[in-house]
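Per chain, numbering begins at 1; letters A, B, ... match sequence-line order.
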Amino acid sequence: MEAFAHRLIRWQRAHGRHDLPWQGGDAYRVWLSEIMLQQTQVATVIPYFRRFISSFPDVATLASASVDDVLAHWSGLGYYARGRNLHKAAQLIMQQHAGQFPQSMQLIETLPGVGRSTAAAVAALAFHQQHAILDGNVKRVLARWKGIAGWPGEKQVEEKLWQLAESLLPEQAGGKQHIAIYTQALMDLGATVCTRGKPSCDRCPVNADCIAKAEQRTAQLPTPRPKKIIPEKHATFLLLLHGSDILLQKRPEQGIWGGLWCPPQLDDGQGVVEDYLALHGWQVAERSELPEFSHAFTHFKLHLTPVVLRVQEKPGRMEQAESMWLDVGEALLAGIPTPVRKMLQQLGGEILI
DNA sequence: AAGCCGGGGAT
DNA sequence: ATCCCAGGCTT
(Lines give C-alpha, C1' and ligand atoms only; values in the text may rest on other atoms or scores of the structure.)
Protein backbone atom coordinates (compact mmCIF):
# COMPACT_ATOMS: atom_id res chain seq x y z
CA MET A 1 0.00 0.00 0.00
CA GLU A 2 1.19 3.46 -0.88
CA ALA A 3 2.44 5.52 2.08
CA PHE A 4 -0.12 7.54 4.09
CA ALA A 5 1.70 10.80 3.35
CA HIS A 6 1.96 10.13 -0.37
CA ARG A 7 -1.77 9.47 -0.64
CA LEU A 8 -2.56 12.70 1.19
CA ILE A 9 -0.20 14.72 -0.97
CA ARG A 10 -1.76 13.45 -4.19
CA TRP A 11 -5.24 14.09 -2.79
CA GLN A 12 -4.27 17.62 -1.76
CA ARG A 13 -3.08 18.54 -5.27
CA ALA A 14 -6.41 17.48 -6.77
CA HIS A 15 -8.96 18.18 -4.04
CA GLY A 16 -7.37 20.37 -1.37
CA ARG A 17 -7.92 24.09 -0.76
CA HIS A 18 -5.61 26.34 -2.73
CA ASP A 19 -7.12 29.81 -2.48
CA LEU A 20 -7.03 30.68 1.21
CA PRO A 21 -5.75 34.24 1.64
CA TRP A 22 -2.68 33.23 3.65
CA GLN A 23 -1.55 30.48 1.28
CA GLY A 24 1.65 31.29 -0.56
CA GLY A 25 2.34 34.08 1.91
CA ASP A 26 5.48 34.80 3.89
CA ALA A 27 6.17 33.54 7.41
CA TYR A 28 4.43 36.58 8.90
CA ARG A 29 1.16 35.79 7.15
CA VAL A 30 1.39 32.09 7.94
CA TRP A 31 2.04 32.91 11.60
CA LEU A 32 -0.83 35.43 11.75
CA SER A 33 -3.23 32.95 10.15
CA GLU A 34 -2.21 30.17 12.53
CA ILE A 35 -2.80 32.39 15.56
CA MET A 36 -6.19 33.55 14.28
CA LEU A 37 -7.15 29.96 13.46
CA GLN A 38 -6.54 28.71 16.99
CA GLN A 39 -9.95 27.41 18.09
CA THR A 40 -11.52 29.45 15.30
CA GLN A 41 -12.93 28.23 12.00
CA VAL A 42 -11.58 29.29 8.62
CA ALA A 43 -14.76 31.06 7.50
CA THR A 44 -14.70 33.24 10.61
CA VAL A 45 -11.03 34.11 10.27
CA ILE A 46 -10.90 35.19 6.61
CA PRO A 47 -12.40 38.71 6.93
CA TYR A 48 -10.37 39.39 10.09
CA PHE A 49 -7.20 38.24 8.34
CA ARG A 50 -7.79 40.54 5.37
CA ARG A 51 -8.45 43.60 7.54
CA PHE A 52 -5.46 42.82 9.73
CA ILE A 53 -3.03 42.42 6.81
CA SER A 54 -4.39 45.57 5.22
CA SER A 55 -3.57 47.57 8.37
CA PHE A 56 -0.47 45.65 9.49
CA PRO A 57 1.18 44.28 6.33
CA ASP A 58 4.41 43.20 8.02
CA VAL A 59 6.03 42.53 11.40
CA ALA A 60 7.53 46.01 11.64
CA THR A 61 4.16 47.71 11.14
CA LEU A 62 2.53 45.46 13.69
CA ALA A 63 5.30 46.02 16.23
CA SER A 64 5.05 49.79 15.97
CA ALA A 65 1.26 49.83 16.28
CA SER A 66 -0.46 50.35 19.63
CA VAL A 67 -1.92 47.33 21.39
CA ASP A 68 -5.24 49.21 21.40
CA ASP A 69 -5.18 49.34 17.62
CA VAL A 70 -4.32 45.65 17.42
CA LEU A 71 -7.17 44.72 19.77
CA ALA A 72 -9.56 46.89 17.76
CA HIS A 73 -8.74 44.66 14.78
CA TRP A 74 -9.26 41.59 17.00
CA SER A 75 -12.63 42.82 18.28
CA GLY A 76 -15.21 40.05 17.88
CA LEU A 77 -12.69 37.26 17.24
CA GLY A 78 -12.40 36.22 20.89
CA TYR A 79 -9.50 34.82 22.93
CA TYR A 80 -8.00 38.29 23.10
CA ALA A 81 -4.77 37.09 24.68
CA ARG A 82 -3.97 35.98 21.14
CA GLY A 83 -4.00 39.58 19.97
CA ARG A 84 -1.95 40.84 22.90
CA ASN A 85 0.58 38.02 22.47
CA LEU A 86 0.78 38.64 18.74
CA HIS A 87 1.68 42.26 19.35
CA LYS A 88 4.26 41.34 21.98
CA ALA A 89 5.77 38.73 19.69
CA ALA A 90 6.09 41.25 16.85
CA GLN A 91 8.02 43.61 19.13
CA LEU A 92 10.18 40.71 20.29
CA ILE A 93 10.98 39.82 16.67
CA MET A 94 12.03 43.41 15.99
CA GLN A 95 14.22 43.64 19.09
CA GLN A 96 15.70 40.17 19.37
CA HIS A 97 15.68 38.98 15.76
CA ALA A 98 16.45 42.25 13.99
CA GLY A 99 13.04 42.20 12.35
CA GLN A 100 13.60 38.87 10.63
CA PHE A 101 11.08 36.13 11.41
CA PRO A 102 12.79 33.31 13.38
CA GLN A 103 13.40 30.37 11.07
CA SER A 104 13.59 27.32 13.30
CA MET A 105 10.74 25.63 15.12
CA GLN A 106 12.66 25.91 18.37
CA LEU A 107 12.91 29.70 18.06
CA ILE A 108 9.38 30.12 16.73
CA GLU A 109 8.02 28.28 19.76
CA THR A 110 9.58 30.83 22.11
CA LEU A 111 7.21 33.51 20.76
CA PRO A 112 4.33 34.27 23.14
CA GLY A 113 1.12 32.59 22.00
CA VAL A 114 2.96 29.97 19.95
CA GLY A 115 2.92 26.39 21.19
CA ARG A 116 4.20 23.15 19.72
CA SER A 117 1.59 22.71 16.99
CA THR A 118 1.55 26.34 15.84
CA ALA A 119 5.35 26.47 15.74
CA ALA A 120 5.43 23.27 13.71
CA ALA A 121 2.81 24.60 11.31
CA VAL A 122 4.77 27.79 10.63
CA ALA A 123 8.05 25.88 10.25
CA ALA A 124 6.47 23.39 7.85
CA LEU A 125 4.28 25.74 5.81
CA ALA A 126 6.60 28.75 5.58
CA PHE A 127 10.06 27.16 5.80
CA HIS A 128 9.42 23.62 4.52
CA GLN A 129 10.87 22.04 7.62
CA GLN A 130 10.08 18.50 8.70
CA HIS A 131 7.77 18.95 11.70
CA ALA A 132 4.45 17.37 12.67
CA ILE A 133 1.38 19.40 13.61
CA LEU A 134 -1.46 18.22 15.85
CA ASP A 135 -4.49 20.47 15.73
CA GLY A 136 -8.16 19.58 16.02
CA ASN A 137 -8.38 18.39 12.42
CA VAL A 138 -5.30 16.19 12.66
CA LYS A 139 -6.40 14.70 15.96
CA ARG A 140 -9.69 13.65 14.37
CA VAL A 141 -8.10 12.24 11.20
CA LEU A 142 -5.43 10.28 13.04
CA ALA A 143 -7.69 9.05 15.86
CA ARG A 144 -10.04 7.59 13.25
CA TRP A 145 -7.45 6.25 10.85
CA LYS A 146 -5.50 4.48 13.58
CA GLY A 147 -8.51 3.70 15.77
CA ILE A 148 -7.18 5.56 18.81
CA ALA A 149 -9.79 5.77 21.56
CA GLY A 150 -9.83 8.19 24.52
CA TRP A 151 -10.37 11.94 24.70
CA PRO A 152 -7.40 13.71 23.02
CA GLY A 153 -7.39 16.19 25.90
CA GLU A 154 -5.93 13.43 28.07
CA LYS A 155 -2.17 13.57 28.23
CA GLN A 156 -1.67 9.93 27.35
CA VAL A 157 -3.96 10.03 24.32
CA GLU A 158 -2.43 13.25 23.06
CA GLU A 159 1.08 11.79 23.37
CA LYS A 160 0.04 8.77 21.34
CA LEU A 161 -1.34 11.06 18.65
CA TRP A 162 1.86 13.13 18.58
CA GLN A 163 3.94 10.00 18.11
CA LEU A 164 1.70 8.84 15.29
CA ALA A 165 1.82 12.26 13.65
CA GLU A 166 5.62 12.21 13.75
CA SER A 167 5.77 8.71 12.32
CA LEU A 168 3.59 9.59 9.31
CA LEU A 169 5.64 12.54 8.00
CA PRO A 170 6.55 12.22 4.30
CA GLU A 171 9.99 10.94 3.34
CA GLN A 172 12.43 13.62 2.31
CA ALA A 173 13.24 12.19 -1.12
CA GLY A 174 15.72 13.88 -3.42
CA GLY A 175 15.49 17.19 -1.64
CA LYS A 176 11.85 17.60 -2.63
CA GLN A 177 9.78 19.79 -0.34
CA HIS A 178 6.57 17.90 0.32
CA ILE A 179 6.08 18.85 3.93
CA ALA A 180 4.10 22.03 3.25
CA ILE A 181 1.58 20.39 0.96
CA TYR A 182 1.34 17.39 3.27
CA THR A 183 0.63 19.61 6.28
CA GLN A 184 -2.01 21.49 4.32
CA ALA A 185 -3.47 18.15 3.19
CA LEU A 186 -3.99 16.96 6.76
CA MET A 187 -5.87 20.12 7.67
CA ASP A 188 -7.92 20.17 4.47
CA LEU A 189 -8.84 16.52 4.81
CA GLY A 190 -10.06 17.09 8.37
CA ALA A 191 -11.97 20.21 7.43
CA THR A 192 -13.66 18.99 4.25
CA VAL A 193 -13.78 15.15 4.26
CA CYS A 194 -13.06 13.69 7.69
CA THR A 195 -15.53 16.03 9.34
CA ARG A 196 -16.94 15.69 12.83
CA GLY A 197 -20.54 14.99 11.89
CA LYS A 198 -20.91 12.86 8.79
CA PRO A 199 -17.49 12.19 7.27
CA SER A 200 -17.36 11.61 3.49
CA CYS A 201 -15.34 8.42 3.66
CA ASP A 202 -16.01 7.75 -0.02
CA ARG A 203 -13.83 10.73 -0.91
CA CYS A 204 -11.04 9.93 1.54
CA PRO A 205 -7.60 9.01 0.15
CA VAL A 206 -6.81 6.80 3.17
CA ASN A 207 -10.14 5.00 3.55
CA ALA A 208 -8.62 1.68 2.45
CA ASP A 209 -6.82 1.17 5.76
CA CYS A 210 -8.86 3.39 8.09
CA ILE A 211 -9.66 1.53 11.32
CA ALA A 212 -12.68 3.66 12.22
CA LYS A 213 -14.23 3.12 8.80
CA ALA A 214 -13.56 -0.62 8.81
CA GLU A 215 -15.07 -0.99 12.27
CA GLN A 216 -17.82 1.59 11.69
CA ARG A 217 -16.60 3.71 14.58
CA THR A 218 -16.31 7.10 12.89
CA ALA A 219 -19.18 8.37 15.04
CA GLN A 220 -17.36 7.27 18.21
CA LEU A 221 -13.89 8.57 17.30
CA PRO A 222 -12.32 10.69 18.47
CA THR A 223 -13.78 10.21 21.95
CA PRO A 224 -15.70 13.40 22.85
CA ARG A 225 -14.74 15.66 25.71
CA PRO A 226 -16.41 14.77 29.03
CA LYS A 227 -19.47 16.92 29.71
CA LYS A 228 -19.29 19.70 32.25
CA ILE A 229 -21.98 21.77 33.92
CA ILE A 230 -21.54 25.43 33.01
CA PRO A 231 -22.33 27.93 35.81
CA GLU A 232 -24.48 30.98 35.07
CA LYS A 233 -23.73 34.50 36.27
CA HIS A 234 -25.56 37.81 36.16
CA ALA A 235 -24.15 41.28 35.64
CA THR A 236 -25.34 44.82 34.97
CA PHE A 237 -23.62 47.05 32.42
CA LEU A 238 -23.87 50.78 33.13
CA LEU A 239 -24.22 52.64 29.86
CA LEU A 240 -23.33 56.14 31.04
CA LEU A 241 -24.26 58.62 28.36
CA HIS A 242 -23.49 62.29 27.94
CA GLY A 243 -24.98 63.52 24.70
CA SER A 244 -23.91 60.90 22.18
CA ASP A 245 -20.80 59.98 24.21
CA ILE A 246 -20.48 56.83 26.29
CA LEU A 247 -18.07 56.00 29.09
CA LEU A 248 -15.76 53.01 28.51
CA GLN A 249 -13.16 51.53 30.84
CA LYS A 250 -10.12 49.46 29.98
CA ARG A 251 -10.31 46.00 31.50
CA PRO A 252 -7.31 44.53 33.31
CA GLU A 253 -5.07 42.28 31.23
CA GLN A 254 -5.87 39.20 33.28
CA GLY A 255 -9.39 37.88 33.24
CA ILE A 256 -12.18 37.97 30.72
CA TRP A 257 -11.88 40.44 27.83
CA GLY A 258 -8.42 41.49 29.02
CA GLY A 259 -7.29 44.84 27.62
CA LEU A 260 -10.63 45.53 25.94
CA TRP A 261 -12.92 48.53 26.46
CA CYS A 262 -16.24 47.99 28.24
CA PRO A 263 -18.84 50.05 30.09
CA PRO A 264 -18.61 49.83 33.90
CA GLN A 265 -19.84 46.42 35.03
CA LEU A 266 -21.63 45.51 38.25
CA ASP A 267 -21.39 41.79 38.94
CA ASP A 268 -23.94 39.86 40.91
CA GLY A 269 -23.55 40.78 44.58
CA GLN A 270 -21.54 43.94 43.98
CA GLY A 271 -24.34 46.22 45.10
CA VAL A 272 -27.04 48.16 43.29
CA VAL A 273 -26.83 50.80 40.61
CA GLU A 274 -27.92 53.58 42.98
CA ASP A 275 -25.01 52.91 45.33
CA TYR A 276 -22.55 52.82 42.46
CA LEU A 277 -23.80 56.17 41.15
CA ALA A 278 -23.77 57.73 44.62
CA LEU A 279 -20.25 56.47 45.23
CA HIS A 280 -19.04 58.32 42.15
CA GLY A 281 -21.24 61.36 42.73
CA TRP A 282 -22.94 61.12 39.39
CA GLN A 283 -26.21 62.94 38.80
CA VAL A 284 -28.43 60.86 36.57
CA ALA A 285 -31.08 62.80 34.67
CA GLU A 286 -32.68 59.82 32.98
CA ARG A 287 -32.63 56.09 33.43
CA SER A 288 -33.91 53.25 31.29
CA GLU A 289 -33.11 49.61 30.60
CA LEU A 290 -32.35 47.75 27.42
CA PRO A 291 -33.60 44.18 27.10
CA GLU A 292 -31.59 41.61 29.03
CA PHE A 293 -29.60 39.16 26.96
CA SER A 294 -27.13 36.38 27.53
CA HIS A 295 -23.63 35.62 26.34
CA ALA A 296 -22.08 32.16 26.48
CA PHE A 297 -18.40 31.57 27.23
CA THR A 298 -16.53 28.29 27.25
CA HIS A 299 -16.76 27.97 31.01
CA PHE A 300 -19.78 30.02 32.07
CA LYS A 301 -22.89 31.77 30.80
CA LEU A 302 -23.41 35.45 31.48
CA HIS A 303 -26.83 37.09 31.69
CA LEU A 304 -26.42 40.82 31.32
CA THR A 305 -28.74 43.74 31.85
CA PRO A 306 -27.80 47.02 30.14
CA VAL A 307 -28.92 50.09 32.08
CA VAL A 308 -28.89 53.39 30.20
CA LEU A 309 -27.96 56.33 32.43
CA ARG A 310 -27.91 59.89 31.12
CA VAL A 311 -25.62 62.07 33.22
CA GLN A 312 -25.64 65.89 33.53
CA GLU A 313 -21.88 66.30 33.50
CA LYS A 314 -18.92 64.11 32.69
CA PRO A 315 -17.20 63.31 35.97
CA GLY A 316 -13.74 64.83 36.18
CA ARG A 317 -12.01 61.94 37.88
CA MET A 318 -12.53 58.22 37.54
CA GLU A 319 -11.41 55.38 39.73
CA GLN A 320 -8.36 53.22 39.15
CA ALA A 321 -9.37 51.88 35.75
CA GLU A 322 -8.28 53.81 32.70
CA SER A 323 -11.39 55.29 31.11
CA MET A 324 -12.53 57.46 28.24
CA TRP A 325 -15.62 59.05 26.79
CA LEU A 326 -16.24 58.12 23.17
CA ASP A 327 -18.94 58.92 20.68
CA VAL A 328 -20.99 55.73 20.28
CA GLY A 329 -19.97 55.56 16.64
CA GLU A 330 -16.29 55.84 17.57
CA ALA A 331 -16.71 53.27 20.32
CA LEU A 332 -17.80 50.72 17.73
CA LEU A 333 -14.35 51.06 16.15
CA ALA A 334 -12.50 50.39 19.41
CA GLY A 335 -11.34 47.12 20.96
CA ILE A 336 -14.67 45.98 22.39
CA PRO A 337 -16.06 42.48 22.98
CA THR A 338 -19.09 41.21 21.10
CA PRO A 339 -21.76 41.81 23.80
CA VAL A 340 -20.62 45.43 24.12
CA ARG A 341 -20.89 45.78 20.35
CA LYS A 342 -24.44 44.48 20.54
CA MET A 343 -25.36 46.97 23.27
CA LEU A 344 -23.79 49.90 21.41
CA GLN A 345 -25.67 49.00 18.25
CA GLN A 346 -28.95 49.01 20.16
CA LEU A 347 -27.92 52.30 21.71
CA GLY A 348 -27.34 53.82 18.31
CA GLY A 349 -31.01 53.30 17.61
CA GLU A 350 -32.07 54.56 21.02
CA ILE A 351 -30.11 57.80 20.80
CA LEU A 352 -31.77 58.80 17.56
CA ILE A 353 -35.20 58.43 19.14
C1' DA B 1 -4.00 17.50 35.13
C1' DA B 2 -7.30 20.88 35.18
C1' DG B 3 -8.98 25.51 34.58
C1' DC B 4 -9.07 29.74 31.93
C1' DC B 5 -9.86 32.23 27.77
C1' DG B 6 -14.63 34.03 22.98
C1' DG B 7 -17.24 33.65 19.45
C1' DG B 8 -19.47 31.35 15.92
C1' DG B 9 -20.26 27.54 12.46
C1' DA B 10 -22.49 23.16 11.96
C1' DT B 11 -25.97 20.02 13.20
C1' DA C 1 -29.23 23.04 22.60
C1' DT C 2 -24.77 20.84 21.91
C1' DC C 3 -20.22 20.19 20.18
C1' DC C 4 -16.00 21.85 18.91
C1' DC C 5 -13.00 24.59 15.93
C1' DA C 6 -5.45 25.36 12.17
C1' DG C 7 -4.50 25.86 21.07
C1' DG C 8 -1.72 28.10 24.54
C1' DC C 9 -1.02 29.75 29.13
C1' DT C 10 -1.48 29.51 34.08
C1' DT C 11 -2.04 27.19 38.29
(message) What residues from residues 12-24 of chain A pass a heavy-atom cutoff of under 4.0 Å to DNA chain C?
(response) A/Arg17, A/Leu20, A/Trp22
Provide the distance between the two [atom1] atoms, one in [N] and one in [M], to the nearest whole Å.
N	M	atom1	value
C/dT11	B/dG6	P	15 Å
C/dC5	B/dC5	C1'	14 Å
B/dA10	C/dA6	P	11 Å

(message) Both A/Leu37 and A/Glu109 contact DNA chain C. Taking the nearest nucleotide for each, which residue is further toward the 5' end?
(response) A/Leu37
(request) Quick one: list whatever passes side chain to side chain donor-acceptor pair (under 3.5 Å) with A/Arg82, sequence neighbours left out. (result) A/Thr40
(message) Going by the rule side chain to side chain donor-acceptor pair (under 3.5 Å), which residues pair with A/Gln270 if we only count those two or more places apart in sequence or in a different chain?
(response) none
Quick one: which residue pairs count as a ring pair (Phe, Tyr, Trp, His ring centres under 6.0 Å) with a foot in [range], not counting sequence neighbours?
range	answer
residues 88-129 of chain A	A/Trp31-A/Phe101
residues 222-269 of chain A	A/His234-A/His303, A/Trp257-A/Phe297
residues 180-202 of chain A	none

(request) Before accepting this row, confirm whether a basic side-chain N of the pair A/Lys233/A/Asp268 lies closer than 4.0 Å to the acidic partner's carboxylate O. (result) no
(message) I'd like to know if the side chain of A/Glu34 reaches the main chain of A/Val30, judged simply by a donor and an acceptor atom lying under 3.5 Å from each other, with no hydrogens or angles considered.
(response) no
(message) Students often get this wrong, so: under 4.0 angstrom with heavy atoms, is A/Val42 touching a base, only sugar-phosphate, or nothing?
(response) base
(request) Have a look at A/Gln156 and say if it touches a base, only the backbone sugar-phosphate, or nothing, with a 4.0 Å heavy-atom cut-off. (result) nothing
(message) Treating primed atoms plus P, OP1 and OP2 as sugar-phosphate and everything else as base, which nucleotides of nucleotides 2-11 of chain B get B, S or - for protein heavy atoms under 4.0 Å?
(response) --SBBBBB--
(request) Apply salt bridge (charged side-chain N to carboxylate O under 4.0 Å, His left out) to A/Asp58 and list each qualifying residue two or more places apart in sequence or on a separate chain. (result) none
(request) Can you sort out the partners of A/Glu232 under salt bridge (charged side-chain N to carboxylate O under 4.0 Å, His left out), two or more places apart, ordered by chain and number? (result) none
Can I get a per-line list of side-chain donor-acceptor pairs under 3.5 Å for residues 205-213 of chain A, giving both atom names and the distance, sequence neighbours left out?
from	atom 1	to	atom 2	distance (Å)
A/Asn207	ND2	A/Cys201	O	3.0
A/Asn207	ND2	A/Cys204	O	3.3
A/Asp209	OD1	A/Arg7	NH1	3.0
A/Asp209	OD1	A/Trp145	NE1	3.0
A/Asp209	OD2	A/Arg7	NH2	2.9

(message) Reading DNA chain C in the 5' to 3' direction, which nucleotide is the first one with an atom under 4.0 Å from a heavy atom of chain A, and which is the last?
(response) C/dC3 to C/dC9
(request) Under the ring-ring contact (aromatic ring centres under 6.0 Å, His included) rule, collect the residues that match up with A/Tyr79, sequence neighbours excluded. (result) none
